[in-house]
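The sequence lines fix the lettering, A, B, ..., with proteins before strands; numbering per chain opens at 1.
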Amino acid sequence: MIDIRLARERPDWVKAQLAKTGVDGAEVDRLLGCEARRRSLKQELDRMRAERTRESRALGALGPAEREARRAAMRALGERIGALERELAQAEGEFQTLILGLRNIPRPDVPEGGTEADNQVVRSEGAPPQFSFEPRPHWELGERLGIIDFERGVKLAGTRFYVLLGEGARLERALIAWMLDLKTGAQGYTEVWPPLMVNSAAATGTGHLPRFRDTMYRDAEEDFWFIPTAEVPLTNLYRDEIVDVARLPIYLTAYTPCFRREKMSAGRDVRGIKRGHQFDKVEMVKLTRPQDSDRELLGLVEDACEVCRRLGLSFRVVRICSGDLGFASAATYDIEAWAPGLGEWLEVSSCSNCTDFQARRAGIRFRPEKGAKPEFVHTLNGSGLGLPRTLIALLENGQREDGSVVIPEVLRPYMGGKSAIEMPRQ
RNA sequence: GGAGAGGUGGCCGAGUGGUCGAAGGCACCAGAUUGCUAAUCUGGCAUACGGGAAACCGUAUCGAGGGUUCGAAUCCCUCCCUCUCCGCCA
């Protein structure tokens, strides 16, 4: 959530910043109006409670007869306090709804723009492969190789599910193991194996609740939400804690399956493995001091690029414009890998600086120095990478005319030394 | 799932209706002191919100939420969590 004090002190500035993301200034006005009402209610309530405390203590010292005489008046005061408390609770609830529903403020250097079309390609790396034949899409390659089974995925679960088989399953496992080795090795992240279900508090901490409850799967009876990304458990690891400043920055990584309803994307990307209800991802999360987060975002992007680079993929880095930023993000870079079969750039990673937005929601703080007041950390997250789209890029880039697929050098030790996935014998 | 015990400040731990935000201890910070690498003494030391230029003041917070009461850490109800034992299970 945003800093309500900032909004109170510089409402015009906050409105101007949020306007860049498409937020109507009236929303900020509503929030401030509600906050003012809440504050004045609290002030009046504080006065009345102070009176009650004072009088009650005096009563305690009195004899039974006098106490009895004043009881009615005190009771009336208690009832007025109760009424005011209910009123305050309602205002407080409204305020929480509003502030939890308001998105993060973009960093000042984020390019302004309304939609995806205004995103900027920052740089490109790696030449796209040239084919002497028409490159096939991954679903064709996967089915012919017998490593992706769409029909049986539908049989088991439904549309948007698939099954990886044989070398396909092995390749997925190889990618996970290799990526984690890279993250935990040269890149210095600490590996985490978190719960795949989290409670509402955690889902609220990262900004997924309350606004995006429709996008998550949940347990019907208990307060469990299937994680849409490992960002949720990783960022919430230190929820309601004051982390030792000497430990910052904290780098975390985890491989997890991710679960998304994809209701909003009905009809989009229905073919292939680009968008499923369940997918694997290796995620990176950083907790940093506020003054370090801009620099750490660049490092995060670089850590994701390095995965593409070592896989031999052709990729580009895209700076997301203000209007296309995610809810919690103040600055985002996407990394897109070229998929020659699909003929499109695939978002394989999205790296964001969420500044103090999530830290405020989740209560993650640090003490800059001994005796100083705790401040909110900055949180960052990025995919390193999303597995299905990486798999698409590998299959489509590595394909040969006979339908076999070359395995990148770095993955071969994880694939039993194999250098290619060959077509099955008829 | 059943039975029992328990959840109090950074930690340990007292407190069973009234100046209790909460004794005491540990840890921490400041000062004093001692000729020795630490001891002793004194003082300070929760968080959030609101008001105030500030000193400071007010309110809330003793797992969470309700209730009783003039007044609740303390009594009642519901829920959550932890521990022990039993059952069940990968």
Spacing of [X] atom [atom1] relative to [N] atom [atom2], expressed in whole Å:
{"X": "A:Met48", "N": "B:C70", "atom1": "CE", "atom2": "P", "answer": "16 Å"}
{"X": "A:Glu68", "N": "B:G71", "atom1": "CD", "atom2": "P", "answer": "13 Å"}
{"X": "A:Asp219", "N": "B:C80", "atom1": "CG", "atom2": "P", "answer": "14 Å"}
{"X": "A:Ile364", "N": "B:U47", "atom1": "CD1", "atom2": "P", "answer": "19 Å"}
{"X": "A:Glu241", "N": "B:U47", "atom1": "CD", "atom2": "P", "answer": "17 Å"}
{"X": "A:Glu222", "N": "B:C79", "atom1": "CD", "atom2": "P", "answer": "14 Å"}
{"X": "A:Asn199", "N": "B:C81", "atom1": "CG", "atom2": "P", "answer": "10 Å"}

Separation of the [atom1] atoms in [N] and [M], to the nearest angstrom:
{"N": "B:G15", "M": "B:G67", "atom1": "P", "result": "29 Å"}
{"N": "B:G52", "M": "B:G21", "atom1": "P", "result": "26 Å"}
{"N": "B:G25", "M": "B:U78", "atom1": "C1'", "result": "36 Å"}
{"N": "B:G13", "M": "B:A73", "atom1": "C1'", "result": "14 Å"}
{"N": "B:C75", "M": "B:G24", "atom1": "P", "result": "23 Å"}
{"N": "B:A38", "M": "B:C80", "atom1": "C1'", "result": "47 Å"}
{"N": "B:U42", "M": "B:A54", "atom1": "P", "result": "35 Å"}
{"N": "B:A23", "M": "B:U8", "atom1": "P", "result": "16 Å"}

Exercise. What residues form a side-chain hydrogen bond (donor to acceptor under 3.5 Å, both in side chains) with A:Arg39, not counting sequence neighbours?
Worked result: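 Residues passing side-chain hydrogen bond (donor to acceptor under 3.5 Å, both in side chains) with A:Arg39: A:Glu35.
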
For this session: Indicate for each nucleotide in nucleotides 55-64 of chain B, in 5' to 3' sequence, whether protein heavy atoms under 4.0 Å reach the base (B), only the sugar-phosphate (S), or nothing (-).
Result: ---BBS----

Restricting both atoms to N or O, compile the protein contacts to nucleotides 27-30 of chain B shorter than 3.5 Å, with distance only.
none

Problem set entry | A:His277 ring center near A:Phe259 ring center (under 6.0 Å) |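 No, the ring of A:His277 stays outside the 6.0 Å limit from the ring of A:Phe259, centre to centre.
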
Exercise. Does any pair with a residue in residues 247-266 of chain A pass salt bridge (charged side-chain N to carboxylate O under 4.0 Å, His left out), and if so which ones, sequence neighbours excluded?
Worked result: A:Glu262-A:Arg275

Seminar exercise, completed: In short, salt bridge (charged side-chain N to carboxylate O under 4.0 Å, His left out) pairs touching residues 156-172 of chain A with sequence neighbours left out are A:Glu167-A:Lys418

Exercise. Checking all strands, does A:Arg365 fall into the base, sugar-phosphate, or nothing category for heavy-atom contacts under 4.0 angstrom?
Worked result: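 If one applies the 4.0 Å heavy-atom cut-off, A:Arg365 turns out to touch the sugar-phosphate alone, with no base involved.
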
Exercise. Would you call the rings of A:Phe327 and A:Phe212 parallel, tilted or perpendicular if under 30° counts as parallel and over 60° as perpendicular?
Worked result: perpendicular

Problem set entry | Pairwise side chain to side chain donor-acceptor pair (under 3.5 Å) hits with a residue in residues 297-307 of chain A, at least two apart | A:Tyr189-A:Asp303, A:Glu302-A:Arg309, A:Glu306-A:Arg309, A:Glu306-A:Arg310

For this session: With sequence neighbours excluded, give me every side chain to side chain donor-acceptor pair (under 3.5 Å) pair touching residues 96-108 of chain A.
Result: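 Counting only pairs at least two positions apart or across chains, the side chain to side chain donor-acceptor pair (under 3.5 Å) contacts touching residues 96-108 of chain A are A:Glu92-A:Gln96, A:Asn104-A:Thr355, A:Arg107-A:Asp294.
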
Distances under 3.5 Å between nitrogen or oxygen atoms of protein and nucleotides 15-19 of chain B:
{"residue": "B:G18", "atom": "O6", "partner": "A:Arg67", "partner atom": "NH1", "Å": "2.9"}
{"residue": "B:G18", "atom": "N2", "partner": "A:Ser56", "partner atom": "O", "Å": "2.7"}

Exercise. Side-chain contact, heavy-atom cut-off 4.5 Å: A:Ser419 with A:Val406?
Worked result: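 In short, these two side chains do not touch, never coming nearer than 4.5 Å.
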
Exercise. Residues two or more places apart in sequence or in another chain: which of them pass salt bridge (Lys or Arg N to Asp or Glu O under 4.0 Å) with A:Glu422?
Worked result: A:Arg400

Exercise. Does the side chain of A:Asn119 pick up a donor-acceptor pair with the side chain of A:Asp324 at under 3.5 Å?
Worked result: yes

Exercise. Reading RNA chain B 5' to 3', how would its secondary structure be written in dot-bracket notation, given Watson-Crick and G-U pairs with both distances under 3.5 Å, brackets [ ] for crossing pairs and | for partners on other strands?
Worked result: ((((((((.[[[..)..(.....]]].(((((.......))))).((((((....)))))).[[[[[..)....]]]]])))))))....

For this session: Count the heavy atoms belonging to other residues, nucleotides or ligands that lie under 6.0 Å from CD of A:Glu79, then report whether that count exceeds 12.
Result: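 Yes, the 6.0 Å shell around CD holds more than 12 heavy atoms from other groups.
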
Exercise. Counting only heavy atoms not in A:Gln90, do more than 12 sit closer than 6.0 Å to its CD atom?
Worked result: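 For A:Gln90, atom CD is not crowded (no more than 12 foreign heavy atoms under 6.0 Å).
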
Problem set entry | Contacting residues from residues 70-92 of chain A, given that a heavy atom lies under 4.0 angstrom of RNA chain B |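 The stretch gives A:Arg71, A:Met74, A:Arg75 as the residues lying under 4.0 Å from the strand, ordered by number.
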
Would you say the side-chain atoms of [X] pair up with the backbone N or O of [Y], donor to acceptor, closer than 3.5 Å?
{"X": "A:Lys281", "Y": "A:Ser383", "answer": "no"}
{"X": "A:Asn236", "Y": "A:Val232", "answer": "yes"}
{"X": "A:Arg218", "Y": "A:Phe224", "answer": "no"}
{"X": "A:Glu396", "Y": "A:Leu342", "answer": "yes"}

Seminar exercise, completed: Sorted by chain and number, sequence neighbours left out, side chain to side chain contact (heavy atoms under 4.5 Å, CB included) with A:Ala304 holds for A:Met284, A:Ile335, A:Ser349, A:Cys351, A:Leu385

